[in-house]
Amino acid sequence: MRYHSACSKLKAIKEGLQLHGQVIKRGLSDDVFVQNSLIGLYSACGLVGFGLQLFDKMSDRDVVSWNSMVSGLVGDGFLEEGRLLFDTMLEKSIVTWNCLIDGYVKGGLLYEARGLFDRMKDRDSISWNTMIGGYVNLCLMKDAEVLFSLMPKEMKDLITFNLMVDGYAREGRFKNIVEVFEEMRLLNITPNRFTIVSVLTACSHLVALEQGEWVQAYIERNEIELDAVMGTALVNMFAKCGNIDRAISVFESMEERDVLAWNAMIYNLGVHGYGQQALSVFSDMLKSNIPPDETTFLGVLGACRHSGLVEEGKRYFHLMSEVHGLVPKVEHYGCMVDLLSRADLLEDAKELIETSEMKSSIPMWGALLGASSRLGNVEMGEYAAKHLMTLDPFDSSCYVVLSNMYSAAGMNEKAIAIRKNMKDHGIEKGPGYSSIEINGVIQEFTVGSNSLE
DNA sequence: CTAGGGTTAG
């Protein structure tokens, strides 16, 4: 006999059927309570048909039977059938309405759901939350906001606020998150981990130190356990607000640290110019047997770059693939090119690009061109520009940097020629950067400034 | 102790 542990659904059906058999044997077939449960069980297994058979045979159906049936039908995708049953019901309860509204919401039929919602005489918090949740999931924040403002405040609960927070977070509306959090506090509704972490993230984006500090005090006052997620959110918040010392002390107080927690600490130390400390935290990470990932090395290499630790950077770049089996990505190469360029090692940078998969990467050559321009290495600049023009003939930024480089080197004729060439080819001067997003961090390779931020 | 609402958070 075959048995698939992954098929928990099938297993549940089997057990449900066995249970049903037991029910009949023990003479519990007429128990409404048991029958209602079975209807729910069948539809939960996607077998609402069996539930319907049972429902039809029942002699004494109560409101829960009807509601279980409506819920079962819409839950298994039989919206029309659920609606028909709903329409035949003479005595509906709030739950009946909520079941059907939820069915429409889950089916993406928000207009139908809203029609029912508006027809309800009495609504409870679940009615409101179901509707608001439907709008939030479809990113219809305008509609969600309208209902949120109409919702009686006594009915607003944790779920209501988390729904709004989730919606705002999806759209990057961090200020709204903080505002909604304030309203939540005024109504004395206790936030949960989700709320707290979301608010901390919002504080990071807003660089709202005071608000973030308030949240930290709240966590301490209520003795909320600092798990890896919440701790990391705090670390990022303090670091983003410029307070690396407090970020460090939060990190040190964390009981539980996963890859992302370590990555956040290493990255932020690097950003703040604490290169050696970042490397030392990295070595602690290895000691604690948390395997580093690509992001870890982005932080490590970034720290070396910010602090001019050339030899260390080279070493860790090799370590990344040789010891940890990770494949360096464009961001890692970009970081190395920048690191080497800043140390006036343009030949090394060039070699790194050419001996890798990065041969045809615009940001790489852009970084090299920028560095060459800054260091006044015309020859290398021309070399890089040649690659850039081949890879993207219509990108203006390389012409601009090249021309500026010539001017700075006193080669005005060449500078003018480049400008003319640009004009002749109808290339407009644009912003001239490309960016890559990794783990929510925008890595921008600005050709002109040769920076990785 | 049978029916209805949320979270891929850092």
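No hydrogens, no waters, no symmetry mates; every other heavy atom, side chains included, goes into these values. Proteins come first, then strands; the chains are lettered A, B, ... in the order of their sequence lines, and each starts at number 1.
Taking the six-membered ring for Trp and the full ring otherwise, the centers of A/Phe55 and A/Tyr42 sit at least 6.0 Å from each other. The six-membered or imidazole ring of A/Phe282 lies near that of A/Phe297, with a centre-to-centre distance under 6.0 Å. In summary, the aromatic rings of A/Tyr111 and A/Tyr104 are positioned with their centroids too far apart to meet the 6.0 Å limit. Between A/Trp128 and A/Phe117, the gap from one ring centroid to the other is short of 6.0 Å. Side-chain rings of A/Tyr333 and A/Phe317 approach one another, their centers coming within less than 6.0 Å.
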*Tell me, with the steps shown, if A/Arg173 and A/Glu171 meet salt bridge (charged side-chain N to carboxylate O under 4.0 Å, His left out).*
CA-CA 5 Å; A/Arg173 290 168 58 177; A/Glu171 297 189 350; 3.4 Å; yes
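Using a 4.0 Å heavy-atom cutoff across all strands shown, A/Thr195 reaches no nucleic acid atom at all. Counting non-hydrogen atoms under 4.0 angstrom, A/Thr232 reaches a base of the nucleic acid. Within the nucleic acid shown, A/Ile94 comes within 4.0 Å of at least one base atom, counting heavy atoms only. In this structure, A/Ile132 reaches neither bases nor backbone, as no heavy-atom distance under 4.0 Å exists between it and the strands shown. Residue contacts shown for A/Ser198 are absent, as no nucleic acid heavy atom lies under 4.0 Å away.
Out of B/dG4, B/dA9, B/dT2, the shortest distance to the side chain of A/Arg193 is found at B/dA9. With distances taken from any side-chain atom of A/Asn192 to the nucleotides B/dG4, B/dG6, B/dG10, the minimum falls on B/dG6. The listed nucleotides are B/dT2, B/dG10, B/dA3; the one nearest the side chain of A/Thr201 is B/dG10.
Distance CG (A/Leu52) to C1' (B/dA3): 16 Å, rounded to an integer number of Å. Atom CH2 of A/Trp128 is separated from atom C1' of B/dG6 by 18 Å (rounded to the nearest Å). As rounded to whole Å, 19 Å separates atom P of B/dA9 from atom CE of A/Met237. Summarising the geometry, the separation between OH on A/Tyr267 and P on B/dG10 is reported as 15 Å, rounded to the nearest angstrom. At whole-Å resolution of the value, CD1 in A/Ile159 and C1' in B/dG4 are 11 Å apart. We find that CZ of A/Phe251 is positioned 18 Å from P of B/dG10, with the value rounded to whole Å. Note: CD1 (A/Ile266) to C1' (B/dG10) measures 15 Å, nearest angstrom. Rounded to whole Å, the distance from CE on A/Met69 to P on B/dG4 is 13 Å.
Exactly one of A/Glu145, A/Glu179, A/Lys175 qualifies for a side-chain hydrogen bond (donor to acceptor under 3.5 Å, both in side chains) with A/Tyr168. That residue is A/Glu145.
Side chain A/Asp227 to base B/dG10: no donor-acceptor pair is found below 3.5 Å.
The closest donor-acceptor contact from the side chain of A/His205 to the backbone of A/Gly172 lies at 3.5 Å or more, if one exists at all.
Taking every heavy atom of residues 134-157 of chain A and every atom of DNA chain B, pairs under 4.0 Å involve A/Asn137, A/Asp157, by number. Of the residues in residues 55-67 of chain A, those with a non-hydrogen atom less than 4.0 angstrom from any atom of DNA chain B are A/Val64, A/Asn67. Across residues 161-186 of chain A, A/Asn162, A/Leu163, A/Asp166 each have a non-hydrogen atom less than 4.0 Å from an atom of DNA chain B (numbered order). Residues from residues 103-120 of chain A with heavy atoms under 4.0 angstrom of DNA chain B, sorted by number: A/Lys106.
Residues A/Val250 and A/Gly231 approach most closely at CG1-O, 3.9 Å, considering heavy atoms. Looking at every heavy atom in both residues, A/Asp124 comes nearest to A/Met155 through C-SD, 3.6 Å. The nearest pair of heavy atoms linking A/Gly134 to A/Val105 is CA-CG1, 3.4 Å.
We find that A/Lys153 and A/Glu183 are not joined by a salt bridge, their nearest charged nitrogen and carboxylate oxygen being 4.0 Å or further apart. Taking the charged nitrogens against the carboxylate oxygens, A/Asp348 and A/Lys314 do have a contact shorter than 4.0 Å, which makes a salt bridge.
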Distance-only check: which donor-acceptor pairs under 3.5 Å involve side-chain atoms of residues 210-221 of chain A, not counting sequence neighbours?
from, atom 1, to, atom 2, distance (Å)
A/Gln211, NE2, A/Glu182, OE2, 3.4
A/Glu213, OE2, A/Arg246, NH1, 2.5
A/Gln216, OE1, A/Arg246, NH2, 2.7

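Sorted by first and then second residue, the pairs that involve residues 69-92 of chain A and meet salt bridge (Lys or Arg N to Asp or Glu O under 4.0 Å), not counting sequence neighbours, are A/Arg83-A/Asp87.
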